[in-house]
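Inspection log for the structure reproduced underneath, given as structure tokens.
All residue numbers refer to positions in the sequence shown, counting from 1.
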Amino acid sequence: MSDLRWECQQNGAIYHTIKSEKLQKQHHLRVVTLERRLYQQVVTQCKDTVALQERLGPNEPCSKDVRVHYSFDCAQQDGNLTSGFRHPLKIAKTQAGFLLHTYNKMWAHAHLDLTSLLAQEMPEMPPPLEKDRVVFFQRVATLYVRYVQIFRRLESVYDQMVHPQKRRILRQLLDGVIGRVLELKNEMVEKECSEYHYMDDIVQDLKLTPADIEIPIPKYFINERTKVLHERGQILSAILDRMGLQTKPKTAVVRPLSLEEAIKLIQVSERARQGRLRAKFMREIRRDEERQRRAKERGTVGADLDQAATRIQKVWKGFIQRKKTRKERDDEMIFIGMALGPQHIQPCPATVAARSTEEHRQHRQGEHEREYQMALVSVKDKLQEVEGPDMRETMKDQIRQWFIECHDLTGTFPEYPDEEDGGSAVIFAEKTPKQLQEELAAQEAEKENAQKSKGKKEKKTDKGKKGKEKGKGEENRNESTNFNQKHVEELIKEEKRKEIESEIRVQVDELMREELKNLRLAVDRDSGTKGKSGKKKKKDKKSGKKKKKEKDLTPDRTIQSLYQELVEQGILKQAEKVTLDEYLGDYSYLGTTLRQTDIEPMPSLSDVRQVVSLYAVLPLGSSVVHEKAPLVKSILLAGPAGVGKKMLVNAICTETGANLFDLSPMNIAGKYPGKNGLQMMLHLVFKVARQLQPSVVWIGEAEKMFYKKVTKDEKELDPKRLKKDLPKILKSIKGEDRVLILGTSKQPFNGDLKPLCKAYNKIILIPRPDYASRYVIWAQLIQKNGGVITSALNLSSLAKISDGYTQGHIMKVVKAVLTERRIDQLAKKPLTGAEYVVHLAKIDPVFKEEEEAFKSWYAKTPLGKKRAMAALGKNEEEVEKGKEKGKGGKEKK
């Protein structure tokens with residue numbers, strides 16, 4: 001390679017025209033071209049893996065420019081790829097600088113996008129009101145898509161950012177963007193009167209893919225609570241083990257056999273083997289006899305050798321040609337990009353390296369976070385020792401000066417603010433101690449000389465400007481030397497000074513109150529009585545604002561004991577570990593087209609996954625988002641049996657680390673009987689749910705709670721037990737309570753609609769999967785259960801045949817086909833669609849009548865009625881006016 005480069009560098013000073021002629025004569029040009037192509041492939045793979053739109057290395061690779069010789073590419077490869085010859089510290093600094101630049105650049109791009117969006121949403125001149133509903137929805141949907149892109153970018157930056165103080169700023173920004181996404185979603189629901197939205201045209205205009213608008217689940221929901229979740233899981237498993245309910249893997253117990261039993265077992269297996277061989281021989285004998293009989297009937301006793309050879313050649317040549325054609329067709333499909341090659345079956349080395357880098361960065365995050373927490377304590381202690389006494393004396397001087405000024409102006413000493421109001425901090429809320437000192441100095445100077453005071457003011461303003469400029473410089477701090485991305489101690493000092501100041505202020509306030517009393521006794525005796533009367537009035541006002549607190553039925557018990565009791569009663573359960581990504585489904589590509597033709601499309605499973613993540617996962621995962629975003633207290637998942645309602649419940653708990661409380665009628669039957677028992681059960685559930693939030697309260701078969709008439713078989717279960725208390729529970733849930741009531745129903749039309757809609761804020765209709773989703777489900781489930789998809793298995797036909805079947809049906813069929821014995825036979829006997837069709841025929845699908853029943857039921861819900869009116873072009877105001885006119889006409893008659 002060095003000889004090649006030396007030969008290349010000899011042409012460094014030649015003009016491009018002459019150089020191109022000489023390059024054609026060089027014998028090593030083909031090798032150079034191959035090496036250039038290989039380097040370009042490596043670069044493109046790395047770019048696709050890291051998913052960045054920036055160039056690798058400090059300079060632009062020169063392989064794209066034909067006129068520049070390859071020696072420049074070789075030099076750049078030496079700088080990036082052959083780093084083993086350099087010092088390890090330099091290598092580490094280069095990688096740290098590159099990664100720091102990468103995520104800082106992503107953060108900067110997200111910040112620019114946010115700035116442009118805020119300028120678009122809040123212009124200086126307010127735009128005219130848009131009356132067209134469709135145009136307004138397009139605007140909101142475009143904002144929603146752009147905010148989702150920023151959300152995805154910030155989530156990846158926050159997950160990989162190592163600097164602990166930057167992560168805290170990013171967390172605030174990320175929570176704000178998530179809240180804005182939820183606000184836009186709520187606005188789209190109000191304007192389009194539908195939980196599902198189809199933005200095919202917007203995605204196409206912005207040149208995005210459906211994956212670009214997929215709502216990501218932030219990893220910090222679980223990563224930042226790993227220790228707490230691990231301890232809670234251990235407690236739960238210990239309680240279940242004590243009760244004997246923990247499912248343990250069964251270990252095969254091997255029983256030793258006696259000599260007689262072993263001989264008998266060998267004899268049975270050997271006789272069975274001989275019987276199978278005998279049956280095989282008899283089958284071949286019968287086949288030969290049948291062949292000879294048919295030959296006699298046709299009159300041909302024995303076939304000619306040439307004819308037999310011709311037949312063998314015909315079969316063999318046909319087999320070889322079909323195999324060759326199949327291989328050529330597969331190669332062509334790989335060449336045009338319609339199929340994956342064998343090199344794509346195994347994970348790409350660049351992908352593996354990127355994953356290992358992400359894991360390493362997350363490990364560094366933990367180390368830096370621990371160092372940051374230790375630094376918070378040590379820096380605070382140092383500041384208290386060094387700057388604490390000075391702070392105390394300056395505060396005393398400022399408060400004494402305030403006493404004197406007030407006495408000089410009013411003739412009496414002021415009332416000292418209470419601790420509840422903030423103490424002496426209220427006095428200097430609008431002014432810092434430095435500003436107070438400057439004002440006092442300016443007042444003294446004004447008395448002496450007015451001209452000098454003006455000069456001093458100008459100097460002070462200049463100093464203030466310099467301080468602001470210094471602050472700006474600190475915000476744009478140069479971190480070129482901070483390769484390890486550890487915490488900055490100066491920023492910690494700025495934060496801790498405020499905390500120390502507030503702590504010292506409480507101590508100073510106590511001393512200065514006593515000093516003020518002594519001053520009043522010495523100077524003005526009457527002021528003390530006025531102060532007391534004023535305080536009494538304040539207490540009366542505050543006492544009037546007190547609200548009634550809920551009674552605590554278990555004041556003497558700990559949360560651990562309540563937690564254990566709920567687990568023993570079977571109300572608090574362990575959620576299955578299922579992620580939301582495992583709820584398979586493809587994007588709906590014809591939603592906008594169908595709505596333009598006044599056809600309401602059925603939502604796809606991808607849309608269901610999006611809505612669940614927006615309404616349930618994101619608010620439960622972040623307390624800030626739950627408090628500020630539109631509050632969703634309860635959700636009802638309605639759909640046929642097998643569409644994955646319970647799987648979504650478990651996925652919500654898994655993604656957010658939430659506790660799962662089961663208040664289904666079947667589960668609470670016979671537990672905590674009577675009214676007092678019911679109150680105690682609800683008190684236990686929601687007390688533990690609030691203390692150990694986030695929590696999910698699951699109510700299975702939610703329609704039974706709203707039966708008009710309870711059947712005889714279900715009277716003993718008392719399914720309407722929670723009907724009266726559920727509205728009270730919903731009122732008690734506030735923004736700071738990350739508690740979600742989640743109901744599931746496979747027959748919602750059996751319950752009373754009005755109370756059902758009042759109990760659940762959001763009703764999500766889950767349909768059976770469409771063709772695209774069924775195709776993805778078949779492919780993923782077959783591979784997940786050990787199957788191999790070959791050309792013998794036509795997934796397109798299988799997805800078409802399985803129309804009407806749910807995910808649960810498909811899962812049963814896949815497990816029934818892919819047994820251990822069938823998986824062992826895959827090498828010789830590939831899977832075919834006929835094997836699955838046999839098992840599908842034994843299961844009843846979701847018929848059109850049931851699907852129409854769900855559609856008609858959903859059309860009667862409040863949101864369904866609004867959607868129907870919007871389709872007719874009417875607003876709620878017009879409908880209400882029409883009702884009022886009708887009532888007025890009847891009264892006149």
Against Pro218, only a single residue in Ile178, Asp159, Val625 fulfils side chain to side chain contact (heavy atoms under 4.5 Å, CB included); can you say which?
Ile178

Heavy atoms of Val846 and Pro640 approach each other most closely as CG2-CB, 4.0 Å

Which of Lys866, Arg595, Arg867 passes side-chain hydrogen bond (donor to acceptor under 3.5 Å, both in side chains) with Glu192? Answer is Arg595

About how many Å separate CG of Asp662 and CG of Leu566, when rounded to the nearest 0.5 Å?
11.5 Å

In this structure, OG1 of Thr656 is separated from CD1 of Ile222 (nearest 0.5 Å) by 6.5 Å

So, His197 versus Phe137, ring centres under 6.0 angstrom or not?
yes

Test item: Lys762 side-chain N/O and Leu637 main-chain N/O as donor-acceptor pair under 3.5 Å
no

Can you name the closest pair of heavy atoms from Val643 and Tyr583 and give their distance?
O-OH, 2.9 Å

Pro748 and Glu703: which non-hydrogen atoms are nearest, and at how many Å?
CA-CB, 4.0 Å

Are Trp698 and Thr744 linked by a side-chain donor-acceptor pair shorter than 3.5 Å?
yes

Nearest 0.5 angstrom please: Ser634 OG to Leu740 CG, how far?
7.5 Å

Where Ser613 and Pro619 come nearest, the two heavy atoms and their spacing:
O-CD, 4.4 Å

Using modelled atom types only, decide if a donor and an acceptor are shared between the side chain of Lys633 and the backbone of Ile733 within a distance under 3.5 Å.
yes

Pick one: which of Thr209, Asp200, Asp607 meets side-chain hydrogen bond (donor to acceptor under 3.5 Å, both in side chains) with Tyr587?
Asp200

Compute whether any side-chain donor of one residue and acceptor of the other, for Thr579 and Asp581, lie under 3.5 angstrom apart.
no

Regarding Ser796 and Tyr771, is there a side-chain donor-to-acceptor distance under 3.5 Å anywhere?
yes

Between atom OH of Tyr805 and atom NZ of Lys812, what is the distance when rounded to the nearest 0.5 Å?
12.0 Å

So, taking the atom named CD1 in Ile652 and the one named CD1 in Ile635, what distance separates them when rounded to the nearest 0.5 Å?
6.0 Å

Which value, rounded to the nearest 0.5 Å, describes the distance between Thr654 atom OG1 and Ile217 atom CD1?
11.5 Å

State, yes or no, whether a side-chain contact exists between Leu620 and Phe221 at a heavy-atom distance under 4.5 Å.
no

